[in-house]
Structures are given as structure tokens and as C-alpha cells.
A.B. asks: 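Have a look at this one.
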Amino acid sequence: MFLYGRTLSIPTVFVSYTGETLDTKSPLLKALKAVDLSATKVCQLFDKDIQHVVASLGPEQEYFVVDAALYMARPDLVMAGRSVFGHAPARGQQLEDHYFGTIPSRVYDFMREFEIESWKLGIPVRTRHNEVAPSQFEVAPLFEEVNVANDHNQLMIDVMSRVGEKHGLKILFHEKPFAGVNGSGKHNNWSLITDSGVNLYAPSSSARDNLLFLTFFVNTIKAVHEHADLLRASIATPGNDFRLGANEAPPAIMSVFIGAQMTAVLDELEKKGNVKIEKGDNMYMKLGIDQIPEIILDATDRNRTSPFAFTGNKFEFRAVGSSDNCATPMTALNLMVADQLDKFHTEVEKLIEKGEEKRLAIVTVLRKYIKESKDIRFEGDGYSDEWVKEAAKRKLGNVKNMPLALDAYLTKKSVELFEKHGVLTHKEVEARNEIRLEGYIKRVQIEARVLGDLAMNHIIPTAINYQSKLIANANGLKGLGVDNKTVVHTIKEISEHIDTIKNGVRAMVEERKRINKIADTHKRAIAYCDDVKEKYFDVIRDAVDDLELLVDNEDWPLVKYREMLFLR
């Protein structure tokens, strides 16, 4: 419980009259219990004194800050949370100077106040800094138990919005509010901690502890390999569809980055089953092979295109969207790891029963998992066309939109996973999918309506008025005997863009009428994605953005990117 202003707030779970869970907290708590039980059981293969394992989370929250007055002057930002139109400014993030720049004074004042308000509520915010895109920033907290960390993240978002209003600022949590620059994520830094304070994802100098680390490290990779489609589905949101795979956001292909050092360790373990990691002042890793020299453990991840990366003592799930609730991906991740640890424990026990020494049994199963999950490991450029082709060869999914991604929840494999651990029933999984699909449909509908309204009632009238000025100018030049080819060309160009916009909007409206008659929610969501969003949004936007460069700046009806993205 905590006081929020004058209100006593109590974190709550919600259930229906018939007992079905209606919230995101209930399944998260059940998944955390599952991973506690499963991880503890595995830990006790190494240390009988370990009685509990706690999952920890540190969500890095990215967001954009814009002037509140400019925000209110953009109907698309107000209605849809993102700008459906807007030509890229001459300077965006290409100079890579914003990340290391000074925080603008207005934003700095806002940050200080919301941090103080967060601390009053027990939210342990720790860092503040610019992000890569102009007007993009990040706040990160100290790590906490997953359930508490998620509550704090949701509360912090509300605090940020309220404090922003006091400073005349609007805080944007949409994953892609502006095209052509970085989108915003909520990087979920996740690890497992024993009740004795041991981070199970931190290498150790002790041979026994090191094998414990490798056990959890390899099993996590194996879990992601087995349930990559579910992990992808867990971060499927309308906003994330615009973000994934663009401007430093990870791609929709789920893969695991572990770095050169750990790749060498796993490769050697796979080949020989004889690996030793020693931790000294510089975290040296020794592979115990004469041909390979000592190497320094890289505790940071250099690959910004990886959706799921090992960062020295934790895994960072980067694909989570900025506006998303961490409970959904954290439920999926903890559940799949719990299930994988159960399988690992069963296989090890079977080998021990056959007479194999415990340590050898553990290494034998780990070597098997390393081979089986190798396809999910990728160290290269996640944006490259080569990776798309390679991922297809490895039979890794590349689902780029939310309606199709959500199908992973309803596979027999996923439903059995949820039911086996008592996290969600089949009925509850189906209900959640139906709700998320309906939400997707409504969001695309809203964006389509906003786009059509702005195009037909703001952009086209402005373009026609400016075109009339040009026509008058062309006639005047013609009367003076002056060559007016440039003006005439611009008039024709404007006409072409107007036709494209009109035809696009009208066709999009008719398409929506057709799609709204589709009874099946899943089919209707896919149709809205393929036949509305994918077919018309960019076509109409490109024409409008081209007009932005042709129409007189004083006449243009929308606040431009260059006016919104460089807050001072």
C-alpha cells in the first residue's frame, strides 16, 4: 500500500465472478511462483541450502518530450499517440550528438521533479539521460523483484505524465511517435537471484558456482529457442509494429546475443565438456585450452539490434515497447524458463538414476541443449537482409505484425505451457487474445480516421489554396512574357499528390466498410493490418509529406517535426 497524493492505493488483482483472471498481475504472480519453484529445484542440485529464487527486473523506460501546446496543435498525436504525417527534418539523429548532449533545461527541471515524486512513492529511479533521437530521453530504476518493479514502472509513467503537465510538457510513450528517428522501448533487464544473494547469471571463480551459472545461462537460451514465437507474441502491440526493426530497435525475429566470450565458452563446452571460467579483478575467462589465450569478459552488449541479449550478469529483453506493461512479457519469459528448468532437472535426474555422476550428468544435458538451441544464437546485424535469409534457413519466425504474432498464444504448445503451470487456462488465453485483437482493430480504425480527417480537411484544402496562388502567379508571369515552367511544374506536382491522397483516403474508407462486416475478430484484425494500415497509410503519408515541402511554410496547417523535436 502507498499514498498517492491523498489517496491510499492498494495493488490489486482482478477476477471475474466465475473465477477467471482479468488482469496482468495475476498471471505474472503465478509465473513468478513457477520460476521460483523450478529454479530452486535446479539450484538444489548444487546447494541444498537454497530455498527460494527471486526474479528481478530493471525496466529502462524511454520516452519523448514535446511542448504541450505544440502537442495540442497536432490532432494525430492527441488522438492516436503518434504523428501520421510529418516530413523528416534536415537534422534528425544522423549526427549522433543528442545522446551525449546536455539535457535541455525545461526537460531537466521536469526530470528532477518527477524523480523526487517517484522517490516519495518508493520508486527507486536512478539514472536520467538523453536518448539517441532528438527530444527522446530515458529513466532507469534500481533492480527490484519483478512484480514490484512492474508496479513501480506503471506508477512512474503516471507520475511522469502528471509532472510533465505542470511544466507545460507532454510525455509521449508511444513506441514510434515520429517516423525516421528512434522509437521508444522499455528494455527489460532480467535475472534470477537466490535467497542467499547469488545472481544466477553472474560468472564466478568457483568451479561449482560456475557450473551453476552455465546451467541457468544455457537453459535460458534453450527456453527462448523453444518458445521464441510466444516471446515475440508477448511484446506484440500496435505501436511496436511501427518500431521493431527500425532505428536501433530490435527486429521481429527473436534471437539471443551472448557475445564473443560466451560464444567461445559454449562452443568449447559443446565440443569437450571441459570449460573453466575464472573471475578476477578484470573478470578474466579461461577456456582451459592452450590455443585460446585469456580474454576479458565483456560485461556489456555491443549489439544494439538484438532483441534478447546477455549483458554480463543478466539478460536484456529489448523488444518490449515503451507503452507496454512489463507483466505480459515477464509472464511469458519467467514461465518458459520455469518449464525449461523443469525439463532440465528431469533429464539430469534420469542420468543420475542410471549411475552417472551428478556433475557429468549436468554437463551432458547442457551440451545437448547447446547443440539443440544453437540456431537461436546470433551475433551479427539484425537489420541486414542476410540475417532475414539466414533466420529463414534456421526456421526462426519473422512475424512483423501483431495479429499474426498473437497466434502463438493459441498454439497447442503454448496453451499446454500456461495450463501446466496453472498460469492461465485455455479460456483465459483465448479471452486475452480476443481483447488484444479488438484493441488492435480499434487503434488502426482511429489512426485511419485521423489520417483521413487530416488529409481531407486540413492538407488538401491548404494545398489547393496554395495551388491557386501559384496559378495566379503563373498567369501573371505569362502576361509579362516570363517563362513559368517551374511554377507550372509545381502546380502539376501538387495536383498529382492531391489526387493520390484523395483516391487513397476514399479507397481506404471503402475498405474499412468492407472489413467492418467481417465477423471473425482475428480475420478482421488481419484485414485491418494488411488492407488498411499496410496498403494505404504509407501511400497517403508519402504524398502528404511531399506536399509539406512544396506548400508555403506559413500556410502548412500542421506543426512540423523540426518545430517539435528540438525542445529548448
A.B. asks: Both conditions, 6.0 Å and 45 degrees, for the charged tip of K176 above the ring of F242: are they met here?
C.D. replies: no

A.B. asks: Answer yes or no on whether R377 is positioned over the face of F257, meaning its NZ or CZ is under 6.0 Å from the six-membered ring centre and within 45° of the axis.
C.D. replies: no

A.B. asks: Run through L192, T220, N189 and flag the one making a side-chain contact (heavy atoms from CB on, under 4.5 Å) with F315.
C.D. replies: T220

A.B. asks: Do the rings of W190 and Y201 sit parallel, tilted or perpendicular, given the 30° and 60° boundaries?
C.D. replies: tilted

A.B. asks: In the structure I gave you, are the side-chain heavy atoms of R436 and M402 within less than 4.5 Å of one another anywhere?
C.D. replies: yes

A.B. asks: Are there more than 12 heavy atoms of other residues, nucleotides or ligands under 6.0 Å from atom CZ of R443?
C.D. replies: no

A.B. asks: Quick test of your reading of the model: are R449 and D76 salt-bridged, counting only N-O distances below 4.0 Å?
C.D. replies: no

A.B. asks: I would like to know whether L406 and Y440 meet side chain to side chain contact (heavy atoms under 4.5 Å, CB included); could you show each step before the answer?
C.D. replies: CA-CA 11 Å; L406 291 181; Y440 178 87; over 6 Å; no

A.B. asks: Between K442, R82, R541, R512, which is the residue that forms a salt bridge (Lys or Arg N to Asp or Glu O under 4.0 Å) with E447?
C.D. replies: R82

A.B. asks: Do the ring centers of F137 and H98 come within less than 6.0 Å of each other?
C.D. replies: yes

A.B. asks: How about CE on M79, more than 12 heavy atoms from neighbouring residues, nucleotides or ligands closer than 6.0 Å, or not?
C.D. replies: no

A.B. asks: Can the ring centroids of Y561 and F178 be said to lie less than 6.0 angstrom from one another?
C.D. replies: yes

A.B. asks: Working to the nearest 0.5 Å, report the span between CG of D324 and CG of N153.
C.D. replies: 9.5 Å

A.B. asks: Is atom CD of E96 surrounded by more than 12 heavy atoms (other residues, nucleotides or ligands) closer than 6.0 Å?
C.D. replies: no

A.B. asks: In terms of ring plane angle, is the pair W387 and F378 parallel, tilted or perpendicular, where the classes change at 30° and 60°?
C.D. replies: parallel

A.B. asks: Would you mind checking if K469 and D555 are paired as a salt bridge, meaning a charged N to carboxylate O distance below 4.0 Å?
C.D. replies: yes

A.B. asks: Tell me if the NZ atom of K30 is crowded by more than 12 foreign heavy atoms within 6.0 Å.
C.D. replies: yes

A.B. asks: Between F64 and H174 (judged by ring centroids, cut-off 6.0 Å), do the two rings come close enough to count as a pair?
C.D. replies: no

A.B. asks: Centre-to-centre under 6.0 Å for W556 and Y466, is that the case here?
C.D. replies: no

A.B. asks: Measure the spacing between CD of E511 and NZ of K535 and express it to the nearest 0.5 Å.
C.D. replies: 5.0 Å

A.B. asks: Compare all side-chain heavy atoms of Y536 with those of D531 and state whether any distance is below 4.5 angstrom.
C.D. replies: no

